[in-house]
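Structure, as structure tokens:
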Number of protein chains: 2
Amino acid sequence: MARSPSDTRRPLTLRDVSEASGVSEMTVSRVLRNRGDVSEATREKVLEAARTLGYVPNKIAGALASQRVNLVGVIIPSLSNLVFPEVLSGISAELEDTGLQPVVGVTDYSPEKEERVLYEMLSWRPSGVIIAGLEHSTGSRAMLENAGVPVVEIMDVDGPGVDAVVGISHRRAGRQMAEAIVAAGYRKIGFLGTKMPEDHRARKRLEGFREGLEEAGIPLTDTEFYAGGSALLKGREMTEAMLARTPELDFLYYSNDMIGAGGLLYCLEKGFDVPGQLGLAGFNGVELLDGLPRQLATMDACRHEIGRKAAQIVAARAATPGPGGEIIELQPVLERGDTVRMR
Amino acid sequence: MARSPSDTRRPLTLRDVSEASGVSEMTVSRVLRNRGDVSEATREKVLEAARTLGYVPNKIAGALASQRVNLVGVIIPSLSNLVFPEVLSGISAELEDTGLQPVVGVTDYSPEKEERVLYEMLSWRPSGVIIAGLEHSTGSRAMLENAGVPVVEIMDVDGPGVDAVVGISHRRAGRQMAEAIVAAGYRKIGFLGTKMPEDHRARKRLEGFREGLEEAGIPLTDTEFYAGGSALLKGREMTEAMLARTPELDFLYYSNDMIGAGGLLYCLEKGFDVPGQLGLAGFNGVELLDGLPRQLATMDACRHEIGRKAAQIVAARAATPGPGGEIIELQPVLERGDTVRMR
DNA sequence: CCGCGCTATGTTAGCGTTAACAATGGGCTT
DNA sequence: AAGCCCATTGTTAACGCTAACATAGCGCGG
């Protein structure tokens, strides 16, 4: 397993293994990749030699020679959002035994950083790219179009994609929530969400939500936006601020579950009648909500499933090149929880 | 930016750019890497050509030729733990302008998977490896020893490392918490934590905690372990179960903040006198706690700082090879919050 | 016992880039 | 005007591996 004799720290190559086992480099390569016919005897001899030397193949050289790279670039805005790790887990699970490996890049919701990360990724010539969102800089879009590999844009289907798209309609999700709220009889509605101008999905949810309310002839009574900080705490603070400013509100729609949870905790503490006097809802369906004193109404964003489907598309096309352009719209499900009254 | 004429989808190479700009490949390479002297005129000509073609350099070939890879492998057990994304953010921040790029691998707390991920990473010949924990399989350890690149084991300093180590002493952290609890006058103490046998850091905290109690002549009255599921919910359920079984408990020490938060919510709901009759504490110092109705006592695990320091070590040694073996022990700080009484 | 068709192994020629060194040429010194 | 230097550009040979083809040996049918 080690390299005791003459440890000159010259990195090991196929040649070392080939010399140690008395066969050609090609044969060693074949053994190590399980490709082509090799007799059982040589196979074992080679594996033994590789193991005692502690040889680790050089994929850089391998990739250059074979023009194949078993990496899939995954570009997401953030890792601290909870949502994206879940998408990632779907991707990893699906890629598990395809021989492909996800490589993650984080953009911090910045189009410039996205462009840099994408450039960096493409320079490794991955077998595919999975990227969050449909909105990209001109440069990024051009790179995606010319990459010559499968591209899957995820999370969102409200808009044109470069190639394949897997996600939900956030606009529709917002609208559906509006309809449910109106149907439950709430009339004075407030929205609380992120300020981030680059969070297009939150924006689309709000737009859909507004549309849904408008159709019922109900205005959006108040809005409040935040940026940064502990989401749970922000939810709490924003709720307090909004209710102080607009006490007549009877429903609060939060752009994500975390601030919604903060709001819920605040309302319960204050002894408000939830959902009787005041209804609450969030978005995403994060696991965290299960542990709250009351179930916050939410809408599952199909995060794991989005990851799986996206990975499937990449894996399928890495195996057999096809035309591409698949559009998969998943349907988020409204989970009413305990914070929307029944009628 | 695009590739309109004769779009044969042959991947672009340096040669294409060199032909388009009328200089040699070498000169193009120099321009694109800002290396060596190139006249301003050619520089612009080349950049222009590269831009209009939409050329993206092939780092695989570059890395093979130069024997330099600007990647740092980061191997962590999980992304859904909240703790690790924070470590990652420290690493990214520090690596930001070193030209190095983190590449993340996830082990799911499995030594076998760790070994596979490590092998995969090393096969890309990264400039360094940052890996969580000190406990590895024999194979992994051998790979780390022979990798010939800087290795930084993070999170934990309780034990021997392969090369550099950055972390806190979880044993000491457990002991400190025990001392604080005893000093506050609590005597009937329960521990709630993960069952995962591979979470060595949680184990060490428990060991240290036990030691600390023993020294004060106080036994650990009850323990409860869980695996999987929503941590917040589990915390709630375990707390209920434990208090039903052992009602005389006056303190609950949770192995992480998430289950601690669940426990706190449960206790508040039940109207228990916290911290008077029942004290609570968690571990990690996650941001989430800020939004809770009451501040849970916890101990900051210095996650961001650990990431930064580890990245610093790798970056420094990638620039100037040194001896290695740095050991950096950070000191977690007890944050008493509102759930440990003052005396 | 010849040669066909295997299977097992070896040989050759890149993959696209960069390190190292070589060449070119114009200006400047003497 | 010869020679030299420097800035700039080009040439050559890897880097470590794999695709594609070549070869060696061996059993076996006719």
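Hydrogens, waters and symmetry mates play no part in the numbers below; they use all other heavy atoms, side chains included. In what follows, chains are A, B, ... by sequence order, proteins preceding strands, each numbered from 1.
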Q.
What does the B/S/- profile of nucleotides 9-14 of chain D look like, 5' to 3', with a 4.0 Å heavy-atom cutoff to protein?
A. BBB---
How close or far is atom [atom2] of [N] from atom [atom1] of [X], stated in whole angstroms?
X       : N      : atom1 : atom2 : answer
A:Ile60 : D:dT18 : CD1   : P     : 13 Å
A:Glu44 : C:dT9  : CD    : P     : 13 Å
A:Gln67 : C:dT17 : CD    : P     : 10 Å
B:Leu12 : C:dC15 : CG    : P     : 15 Å
B:Arg10 : C:dC15 : CZ    : P     : 11 Å
A:Leu14 : C:dT11 : CG    : P     : 15 Å
A:Arg15 : D:dC15 : CZ    : P     : 10 Å
B:Leu32 : C:dT18 : CG    : P     : 8 Å

Q) Can you list, by residue number, the residues of residues 117-128 of chain B that have a non-hydrogen atom closer than 4.0 angstrom to DNA chain D? A)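 The answer is none.
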Q | Nearest listed nucleotide, side chain of B:Asn58, among C:dT17, C:dA19, D:dT18 | A |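 Looking only at heavy atoms from C-beta outward on B:Asn58, the closest nucleotide is C:dT17.
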(Q) Set out, in order, the CA-CA distance, both residues' side-chain angles and the distance that settles salt bridge (Lys or Arg N to Asp or Glu O under 4.0 Å) for A:Arg43 and A:Asp37, then state yes or no. (A) CA-CA 10 Å; A:Arg43 165 180 306 283; A:Asp37 297 318; over 6 Å; no
Have [X] and [Y] got a donor and an acceptor in their side chains that come within less than 3.5 Å?
X        : Y        : result
B:Ser140 : B:Ser137 : yes
A:Thr42  : A:Ser39  : yes
A:His136 : A:Glu115 : no
B:Asn146 : B:Arg141 : no
B:Ser24  : B:Thr27  : yes

Q. Is a salt bridge present between A:Glu120 and A:Arg116, judged by a nitrogen-to-oxygen distance below 4.0 Å?
A.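 Salt bridge flag = no for A:Arg116 with A:Glu120.
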(Q) Return whichever of A:Arg35 or B:Leu64 has its heavy-atom-nearest nucleotide of DNA chain D closer to the 5' end. (A)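 The 5'-side residue here is B:Leu64.
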Under 3.5 Å, which donor-acceptor pairs do the side chains of residues 96-106 of chain B form with other protein atoms, sequence neighbours left out?
unit_1	atom_1	unit_2	atom_2	d
B:Thr98	OG1	B:Leu95	O	2.7
B:Thr98	OG1	B:Leu100	N	3.1

**Q.** B:Glu305: which of B:Lys309, B:Arg308, B:Arg303 passes salt bridge (Lys or Arg N to Asp or Glu O under 4.0 Å)
**A.**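 Of the listed options, the one satisfying the test is B:Lys309.
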Q.
Using OP1 and OP2 only, check whether a side-chain N or O of A:Arg68 sits under 4.0 Å from D:dC17.
A.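 No, outside the criterion.
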